[in-house]
Amino acid sequence: MKIEKFKNKIWLSTPTMHGDELEYIKQAYETNWMSTVGENINEVEKQISDFVGCKYSVALSSGTAALHLCVKLAGERLYGMPKPNEGALKGHKVFCSDMTFDATVNPVAYENGEAVFIDTEYDTWNMDPEALEKAFEVYPDVRLVVIAHLYGTPAKIDEIRAVCKRHNALLIEDAAESLGATYKGRQTGAFGDYNAISFNGNKIITGSSGGMFLTDSREDAEKVRKWSTQSREAAPWYQHEEIGYNYRMSNVIAGVVRGQIPHLKEHIAQKKAIYERYKEGFKDLPVTMNPISPDSEPNFWLSCLIINPEAMCRQVRGDSDVAYIKEPGKTCPTEILETLSWYNAEGRPIWKPMHLQPIYRMNAFITKDGNGRANSNAYIAGDKPTDVGADIFQRGLCLPSDNKMSEEEQAAVIEIVKKCFE
Ligand SMILES: *Cc1c(COP(=O)(O)O)cnc(C)c1O
């Protein structure tokens, strides 16, 4: 089969608009509710709360803002209100997912806390509950855990919640990538004490940007709403007792989100079909798709694969460059990504684990065998790795997963990937 370069680029994941979005934007414009108050915001808050199954929600400017306020709130509930020039987590450690986007963990640093990274497990590519239990043995005073559901696949939520409960810790769920994914029949974003979702441009539905805070506590939701609008007190003038933020969602953005919500299920079905076609297309290759656990139904946001160890050619990654040695019958993520790019298709490496990031090199990292930081940079192909995140990063990649990619285009992508194994 002769494959041509794609005339139109095949993207990783882009916004998919349907028309209703424009109507709600227009409504905001025509009624002049162009700021951070209006019907679109109210509707989006109500609809997402109902859908996710969390009692209260606050629409915000981004998922990162939502995570920041989750973390700040948890810090205040645990340790009391900080001084204006101190973070709510000052002097405290927080257990965080390791293989994730940095927006999951940066808010801990915004509040002067110290992230301790917990290794990943192979069953869901999320935080390993056994490693989390180990972490509580090492740092018994920790009271806060932040988990992400990578690529739309729910983590082992029951196990993680049980560990949190045993150690009296609060849980924050970063459901930015997993809106619409369920675990034992319940939506992600409803399991943590405080939860965040994102409407960024490449997520399963989008507002072009935006995010949301979710909780079952009315008092906490009101607090976040207040913080997000500069912490104004009820007074005739601008009266402030707490530090404030300008984090509220705009009613125009909310119009886009409102128009997207009815299409969430359809987007998930399209992404699932993409995943299934890759799975079928790669069934004879020495690769495995990103995992699905029997307890959950992912939203299939991104399709990923991991190359079996015996089919990996040598690949060495530095801080910003990479080299590999081609071998017959073997390949590596770099070769696949470069080849896709040559054909005008966009893939992406797996999120580089946080404990391998220069900015977090001094932070602790805990694996389930308790080895952690000491050997975290020492992945050797063929060895049984104890650093699961580093191993998945080394062998895995995200495939073009745009729901506007045609079946013919995807068939060509599959052929391109197959060629790399020749
Ligand atoms: C996208 C994303 C975020 C941040 O959301 P923004 O709306 O872009 O700020 C946080 N965590 C994860 C895992 C994400 O993928």
* Asked: Under the 3.5 angstrom rule, does the side chain of Asp295 hit a backbone N or O of Tyr183 as a donor-acceptor pair?
  -> no
* Asked: Any ion pair linking Glu45 and Arg248 (charged N to carboxylate O, less than 4.0 Å)?
  -> yes
* Kindly state whether the ring of Phe136 and the ring of Phe95 have centres lying under 6.0 angstrom apart. => yes
* Do you see a donor-acceptor pair shorter than 3.5 Å between the side chains of Ser217 and Lys223? -> no
* How long is the gap from OH on Tyr343 to OG on Ser341, to the nearest 0.5 Å? -> 12.0 Å
* Asked: Is a salt bridge present between Arg77 and Asp220, judged by a nitrogen-to-oxygen distance below 4.0 Å?
  -> yes
* Take the angle between the ring planes of Tyr151 and Trp351 and call it parallel below 30°, perpendicular above 60°, tilted in between. => parallel
* Would you call the rings of Tyr79 and His92 parallel, tilted or perpendicular, where under 30° means parallel and over 60° means perpendicular? -> parallel
* With ring centroids as reference points, do His355 and Phe117 lie under 6.0 angstrom apart? -> no
* Would you say Asn85 has more than 12 foreign heavy atoms packed within less than 6.0 Å of its CG? -> yes
* Polar side-chain atom of His149 near backbone of Ala155 as donor-acceptor pair, under 3.5 Å -> yes
* Got a second to check how far Glu23's CD is from Asp20's CG, nearest 0.5 Å? -> 7.5 Å
* To do: Please say which of Glu21, Glu43, Glu39 ends up in a side-chain hydrogen bond (donor to acceptor under 3.5 Å, both in side chains) with Arg258.
  => Glu39
